[in-house]
Amino acid sequence: DGGITQSPKYLFRKEGQNVTLSCEQNLNHDAMYWYRQDPGQGLRLIYYSQIVNDFQKGDIAEGYSVSREKKESFPLTVTSAQKNPTAFYLCASSMSPLMETQYFGPGTRLLVL
Amino acid sequence: GNSVTQMEGPVTLSEEAFLTINCTYTATGYPSLFWYVQYPGEGLQLLLKATKADDKGSNKGFEATYRKETTSFHLEKGSVQVSDSAVYFCALSDRVQGAQKLVFGQGTRLTINP
């Protein structure tokens with residue numbers, strides 16, 4: 001089955017700790033995206049990558065970092081600089097950066113201890 | 001910048017009722033428009049889309065028509081089911097630095113009672 005997987009489903013972060021959220025896709029898509037969802041709000045773009053070894057900041061990149069070393073993988077690190085990390089994080093991909101339709105993974109819920 | 005505004009939720013209906021969720025947008029140019037659905041605890045699924053004015057997107061009994069004159073993309077369904085209970089997001093495509101970005105509305109929570 002082709003699709004996007006995110007792990008873990010739930011993640012707990014201690015104060016001052018960096019945590020990394022995994023996103024993998026086997027759709028052979030070039031572009032990948034990370035969004036943050038807060039209760040009662042729409043999705044906001046954190047980072048996106050149009051191609052391997054390249055990525056750009058989205059609307060709320062502060063306190064986050066990403067890498068894109070492989071086409072299939074786009075991990076997101078929530079750093080200690082992100083003061084309000086509790087949210088639902090969604091990864092998405094599209095066939096190419098110019099293709100408008102994005103396909104989403106099941107999400108990771110990050111909670112702060 | 002480009003933006004999307006959805007009707008305030010939550011919306012509660014009885015099974016077999018008619019559904020309308022309003023969505024209006026502000027954009028330069030003519031973006032593509034989307035409706036995504038999110039079931040509890042899950043990611044978003046594409047429900048339907050329209051790429052140009054007067055296009056009608058449809059899927060699973062849901063419909064939405066791209067209205068350029070009113071800058072709207074309202075979601076409708078003639079007879080809702082309990083299984084339609086979810087959060088619905090309206091979105092538009094926005095081209096930024098050579099890539100397509102989605103701009104989302106705040107979402108509308110729909111609950112269908114049997």
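Computed from a predicted structure; not experimentally measured. Letters go in sequence order (proteins before strands), and every chain restarts at 1.
Contact count versus chain A (heavy atoms, under 4.5 Å) is highest, among B:Leu102, B:Asp94, B:Leu46, for B:Leu102. Of the listed residues (A:Tyr33, A:Tyr103, A:Tyr35), the one with the most heavy-atom contacts under 4.5 Å to chain B is A:Tyr35.
Within the 4.5 angstrom heavy-atom criterion, no atom of B:Gln6 approaches chain A. For chain B, no part of A:Gln6 is nearby; none of its heavy atoms comes within less than 4.5 Å. Proximity to chain B (any heavy atom under 4.5 Å) is shown, for A:Thr101, by both the backbone and the side chain. Heavy-atom distances place the side chain of A:Gln50, and not its backbone, under 4.5 Å from chain B. Contacts between B:Ser93 and chain A at a heavy-atom distance below 4.5 Å involve the side chain alone, from C-beta outward. Interface residue A:Asp59: only side-chain heavy atoms are found under 4.5 Å from chain B.
In summary, A:Asp30 and A:Lys71 engage in a salt bridge, as defined by a charged side-chain N under 4.0 Å from a carboxylate O.
Paired with B:Tyr88 under the rule ring pair (Phe, Tyr, Trp, His ring centres under 6.0 Å), one option of B:Trp35, B:Tyr39, B:Phe73, B:Phe62 passes, and it is B:Phe62. Each of A:Leu76, A:Leu90, A:Val78 was compared with A:Ile46 under the side chain to side chain contact (heavy atoms under 4.5 Å, CB included) criterion, and only A:Leu76 meets it. The only member of B:Thr108, B:Leu44, B:Leu47 that meets side chain to side chain contact (heavy atoms under 4.5 Å, CB included) when paired with B:Phe89 is B:Leu44.
A cation-pi arrangement is absent between A:Arg68 and A:Phe55, since the terminal nitrogen or guanidinium carbon is not both under 6.0 Å from the aromatic centre and inside a 45° cone about the axis.
A donor and an acceptor atom, one from each side chain of A:Glu24 and A:Ser73, are located under 3.5 Å apart.
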